[in-house]
Structure formats: structure tokens, C-alpha cells
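Presented below is the structure to which this report refers.
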Amino acid sequence: MTLIVDHVNYIYDPDSPLAHKALDDICLTIPDGQFIGIIGHTGSGKSTLVQHLNGLVTATEGHIYFDGEDIYDKDFDKKKLRSQVGLVFQYPEHQLFEIDVFSDVCFGPKNLGLERKEVELRSYEALRQVGFPDELFYQSPFDLSGGQKRRVAIAGVLAMKPKVLILDEPTAGLDPQGREEILGLIKRLQKETGITIILVSHSMEDVAEYVERIIVMNKGKVMYDDVPKEVFKHHKELEEVGLAAPQVTYIMEALREKGLAVSKEATTVEEATEEILRAFASK
Amino acid sequence: MLRDITIGQYYQTESVIHKLDPRVKIGGTLIYIISLFLFENVWGYLLAALFLGLVIKLSHVPFRFMVRGMRAILFLLLLTLVFNLFLTPGEALITFWKLKITKEGIIMAVRMALRLSFLIIGSSIMTLTTTPNNLTDGMEKMMGPLKIFKVPVHEVAMMMSIALRFIPILMEETDKIMKAQIARGADFESGGLIKRAKSLVPLLVPLFISAFRRANDLAMAMEARCYRGGEGRTKMKPLVYKRRDYLSYLVIVGYLAGKIVLGIYL
Amino acid sequence: MSIIKAKDVTFEYIRRDEEGNVEGITTAVDKVSLDIKQGDFIAILGHNGSGKSTLAKHMNAILYPTEGTLWVDGKDTKDEKELWNIRQSAGMVFQNPDNQIIGQVVEEDVGFGPENMGIPTKEIWERVTESLKAVDMYEYRKHSPNKLSGGQKQRVSIAGVLAMHPKCIILDEPTAMLDPDGRKDVIRAARALNDVEKVTIILITHYMEETIYADRIFVMEEGSVVMEGTPREIFSRVEELKKRRLDVPQVTLLAHELKKRGMDLPDGILTKEELIEALGL
């Protein structure tokens, strides 16, 4: 179920004073089962890009292939694409509407035209997958805490059994505890189900620990596309475009400037601890 | 599609019309609309067109932009045109099946179309050249005397200006909610009337909840900033008539007089 | 001089189910006592639901304590006669930037507070100009708020409060909905007001790194203040912070780990410069 983005351009609001290139010649290949982070500043085009992947926004130019088929083909089934490439938006408040949690999660699979039994089975499974407590199934989704709402929103998309799950800033507005829980949940989902996950975020620290590949977007273009360690080596350039590498990267850089022989590779606190201890031991 | 509606929008540019006191523009627009329904003859329409053309020219708003806003009401315009064309009794020119086009019908249709277009362009010039806030300020001031009759003029004006501020925010939100539900397989486009109405529930519920939450937050924020109604409030931008405003009143009255003279003597 | 003083402030509310029957009583703020001095930069830290926002709303007389007393600039918030004086001396900035901007042009929004207070027109303009300059938003004065970024909107909101010439500004999670750039700008603006204009700042947040420049930090949990002290004192207690699942800055965490592994480092390192110095480099 590889997703291929082939020279995609998107012009926002053409022939108006606001017209600008929101996506500029994007080429990407997203293979099965990868855990990807898309990082960018507000307005970098990262949200626009992911909305192309499930056909919500149509490219001005270029093609997108899902499983070998061009999604812009006339007889391509857009509805099927949307169930296969699930997209969870930033604020769960934008999608919760049913009287109870369970019915809300049922909305997606019901739209796929499945039998009632299958719909309920999938919804139950999805709520279990996101670790939602059984006793809250018949609560109104509006009375839940921010973190719980987010879980319901994710379950609502998971219940469609997508092959690719895209999450647009899933931690926005959550406190550190909620943030950690949601990110942990996503990591676990990826491990257990082998689903492809694309995490959109503006926080490097959020994704550094979790993803295996980082795509940095800037002004509608792909600026870097590599494993986290390689991307963080460009911390000076990242800073220029309003992004920052994890704080540890800067500490290690400062230590190197002061003459401590630590490597550039450390990006987490654990790695940095080992690295500093090693450098001091060999001094 | 929602973006195409230019009626009620503000077009930012520098012009004499933009600088006029909102009261002049509101009054002027009212007089202009009334004038359209007074004394109709060819000369009267010509004068109205001339006056409108002059104001458009002075406003520096591209004519193209105004016409784009007309597209949204094109259907209404066509409907009136067709009704007048076929349903006005009189001397038949062309007949087919049970319908006939009469000479009177054609004249009536042309008249209605002209009037409607003038009316819409005329009032859209007012909104295009006046910020919504300015407009509500003007209305508040003009309706001031109604306070004697216990009409909550200030509150109504404040409500209008808040509504105007939140329309773009709620439009954007509608778009986001729609996308979020389409991503869950919702279908807003196909099916019969009932199915379509039902499909709006997943859109309207989150929208209403969000609107209520916003209203709640806003009320709290306003209170925190010492808002307690119109009593004892001062104005940052009080409305004061300038020379150009008096001159404009003169021009408007002149136009109305011209229209009356043309109507009576030609 | 104390600007805000709380003595055993408790706030309880009754939860009701859909039929309006009482389900129980929630204590959102539980016997909080604190004393905030004029000119201080205070941070109140805690998770969602810790009661920090509820407490903040007491400082602007939006909520009143069910038990205990809260004084703003020496005035009891329960005293109705003083309501508008209290709201004028303790201004409040809220979380959602879209839901607190009333004006359709930046400068008109900043003028909203002074208009309500009945300030003469000429002085309103002076206040608007100086407030927008103080938060570095003067060049945007003619813009529509809808076209601004989140961080810019929040700075406009701060200017709107500043124009009322408050003694104290309470920022209730002003950065929760912003991106990193916007967050930095808002915090920078708040610090500048405290440094230059000597306005007391009370910053409510769940981001640890925003609190390192504060004079004092209060950590709240389940309605009570559970930790209190200078940033250095608070950040020295890494294990306790981790237990409370608060975000410790990575430098502090790194220094703490190194110390655990036997390196000779002091507690409560807050910046990378301090770490380098402590490592003797």
C-alpha cells in the first residue's frame, strides 16, 4: 500500500490577492509500515500536504499514487481511499457529534456501508486499541477530558481499518502528561498493528524519540527527508526557518565548542548522558 | 464557493468614499434606493447609472470585484427576469405553447433587472467601502434617538459588530469540520433532500457547540475588560462630520433633486 | 506591597446530571493561600484540571471563593462596589486567542478596555499606541486580527489589557494553542512588561520551560499548591517533578542524570551555560 507523491504543486486560492504556492513540487515515497514525522512551522504546507494524501484537497499539478493507482483517475474510488488513508484532525472538537462515545466511533465504519454487527465490532476493537475505558463508552463525548476526546477521535478513524494513519498535531493543547500518553499510544499502535503512521507536528522534541524518518517542510517545499539524527545535524538551518532541534543537540554542540570530545549523534537525554560520561572518562 | 460572495465584504483601499462618515454612506444609500423607485423614465435611469458610475469610479474598488459578488444572486435576478417576461399581460410579441412574451413584459423585465442591479451594486458599495465596525458605529449613532423609546441601540450595534467579527472564524471552522467528517467517510453531496439534511448533523453539532463555547469565552473576556454596556463608555473613534461629508450630502440631495426634476418634466 | 493575597481560598461547585439532580461536589481549588508582591513575575504550574485556571479566574473577580478570601490590591473580590476597580487593576489574558479579540481592527481591540472605562478619546489613542509598542505589535495596528498568527493575536490581547493600565496581568495558559515561535514571542513580551513597565505578571502554564525566568513558581495539583519556591529550588527536585509528570527542561534532566552517575554537579541547573560552567569547561 505504498503512497507515492509525484511532483505535486498546490496553489492556494488561485486568482485572488491571497494566491500563493502552498505546495511546491513535492516528491515523496511512503512505504508500508513506516513511522514518519512531518515537521514544519505554521503555514509551511504540512497540513495541506497530508490533506492531499487522502484526497481531501486536490493538487493543482502532479499525481498521487496509492497502491499503484492514480488517485486522480476518474474511476478511482475516493471513498475507499479515505477509509484506507485515515486522517485525524488537530482538534477532536471538530469531529465529535454523537450522543455517546460508542455511536461516535461507529460513524466512520457506518459510512463504509458495513453491516451493523461489523460496525460495532470494529468500533469496540478501535476503542480498545486506543486504551479507552469500557465504563465510559456511553458517556457523552463532550464531557471527556482533552486526552480522552483525542482517543475517541483516533478510534473514530481507526474503526475504518486504515492502512495509513495520519495524525495532524495530535498533542496540540494537551499538558505534558496527556502529550506523553497520546504519543506512547501512537507508538504502541504502530508496533502492534504495523500500520503506517504519519505524525504531523511543529515540535521536534515530540517526534524525535518516536519516529524513524523525519520530513521537514518549509514554505511548501520538502527541506529535509531523512532519519532523525541526520536531520538534527542541520540544527542551524532548522533554526533559521523557525524550528529547533531537541535541546540536547544544542547542549552537545556547546560542549564540543568548549573542547569536550562528544559526538554529534546524541539527540536524547539518555544518549547524551552516556556520551558525556564517556568523554570525561577518556579525558 | 462561499468565498465568492462579496456582498457585505470590505475592500481595503484608499479613496474619498472610504473616508466618508458612515452616516453619509448609509443615508446616501437609502436615498439612492428610494430614488430608484421614484419617477421612472429613460432619463431617470440614465441619471441613476451616471451617479452610480461616478461613485464606483471614486471608490477605487475594481468593478470586476463587485460583479463577482453579483454572481451569487444571479439566480434571483434571472428568476425575476423570467417571471416578468412571461407573466406580464399585454400585447403579445412571441407566443409558444401556453407562454407569451409581451411588449410590456420585456419593458418590465428590463426595468426590474436594472433596478435590482443598481440596488445591489449601490448597497454593496456601502459595505465595500466601510469597515463593518464603522458601519455599526454609524447605525448606532443614527438610531441614537430611538434610545428614548428604550430601544437597546448600543447593545444591538455591539451584537452586530461581534457577529461580523466571528463570521469569518466560523466559516473557517465549518470548512475544518467538513473536512474532518469527510475523512470519516461522511458524504455531504449525494442523496435526496432528507438524506442530505440528515448528513448535516455531523457538521452542525460540532459547529454549534463550538459557537456556544466561543460565545461563553467572549462574554467572559469582555467582562474581564470592564465591559458593562453602553453606559459611561467613551469612543476611540467618535464620528465627527467633516467638510467632505457636508459636501457629499449636498451632492446626494442634488442627485435626488435632479431625479425628481427629470421625473416631472420629461 | 502585596498585589494579590489569598487566604484559604476554596472553590467548590455542584455537579448535576442531565435531569439536574446533584451528582456530587467538586472542589476545584482547595484552601489555597498565597501572597504575591507587586512587581513580581509569578508562574503557576500544573496539569489540566489541577485548578490553576480556576484560581486565576478568582484574581479577576470572574469567580468568587466559596470559602476564604482573595484580595486584589487590598480589595476583597467579594465587594461588589470594587468589582470594576479590581478588574481594571488585575487584567486577564485567556487561552484561546480567537475568543477574546472583540475589535475587527487591531487598534480598535486594544482601545476596547479604555473605552469601557470611559477614558477620553485623546488618551485612548495614547494608551493604544504605547501598549501596542510595548508588545511590539505597533506596525500591525491597522490589520484585521483574523490575518494574524496565534502568537501575534495573543500579543494584541496583552496590549488590550495593558491599555487599561493594570497593576497586574494574569495570563491564563496564553501559549497552550500556539506553535513554538508564537510561544517564545508571548513569553518574551510578558517578561519585557515585567522588566520595563514593572507590571506584576502571573503566568499560568503547563510548560516548564516558560517558568525558568519567574521569581517564584507555584505548582498546583488537585486544587492545592504542592510545591513552591524559586525556579532553582523547584528544579532541584527533579525526581518529585517527574513523579508529578511535569516536563523538566532537558538541560536540568541531563545534569540530574549525570549527577546520579557520580559526577559532581549542583542541583537545579537551568541553562546550558550553567551546565558548561558546572562541568568546569
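Numbers restart at 1 for each chain; the letters A, B, ... are given by sequence-line order, proteins then strands.
- By the 4.5 Å heavy-atom criterion applied to side chains, C/Leu279 and A/Phe280 are counted as neighbours.
- Within the 4.5 angstrom heavy-atom criterion, only backbone atoms of C/Leu178 (N, CA, C, O) approach chain A.
- For the 3.5 Å distance criterion, the side chains of A/Glu169 and A/Ser201 fail to qualify, holding no donor opposite an acceptor.
- Looking at A/Leu174, the atoms closer than 4.5 Å to chain C (heavy atoms on both sides) all sit in the backbone: N, CA, C or O.
- In terms of heavy-atom pairs under 4.5 Å with chain C, the best-connected choice from A/Leu255, A/Leu260, A/Ile251, A/Thr268 is A/Ile251.
- Counting heavy-atom pairs under 4.5 Å between each of C/Pro180, C/Ala255, C/Gly46 and chain A puts C/Pro180 at the top.
- With a threshold of 4.5 angstrom between heavy atoms, A/Glu180 approaches chain C through side-chain atoms but not through N, CA, C or O.
- At a threshold of 4.5 Å between non-hydrogen side-chain atoms, the residues A/Val216 and A/Val222 do not count as touching.
- Only the side chain of C/Leu275 comes within contact range of chain A, with at least one heavy atom under 4.5 Å from a heavy atom of that chain.
- At a 4.5 Å heavy-atom cutoff, the contact between A/Glu181 and chain C is made by side-chain atoms alone.
- The side-chain heavy atoms of C/Val226 and C/Arg244, taken from C-beta on, include a pair separated by under 4.5 Å.
- For the set C/Lys272, C/Gln250, C/Glu273, the count of heavy-atom pairs under 4.5 angstrom toward chain A peaks at C/Gln250.
- In this structure, C/Arg191 satisfies the cation-pi test against C/Tyr213, with its NZ or CZ atom closer than 6.0 Å to the six-membered ring centre and inside 45 degrees of the ring normal.
- Annotation: salt bridge (charged side-chain N to carboxylate O under 4.0 Å, His left out) contacts of C/Lys259 (sequence neighbours excluded): C/Asp267.
- Sorted by first then second residue, the salt bridge (charged side-chain N to carboxylate O under 4.0 Å, His left out) pairs that include residues 207-217 of chain A, not counting sequence neighbours, are A/Arg213-A/Asp225.
- Residue A/Glu270: no heavy atom, backbone or side chain, is found under 4.5 Å from chain C.
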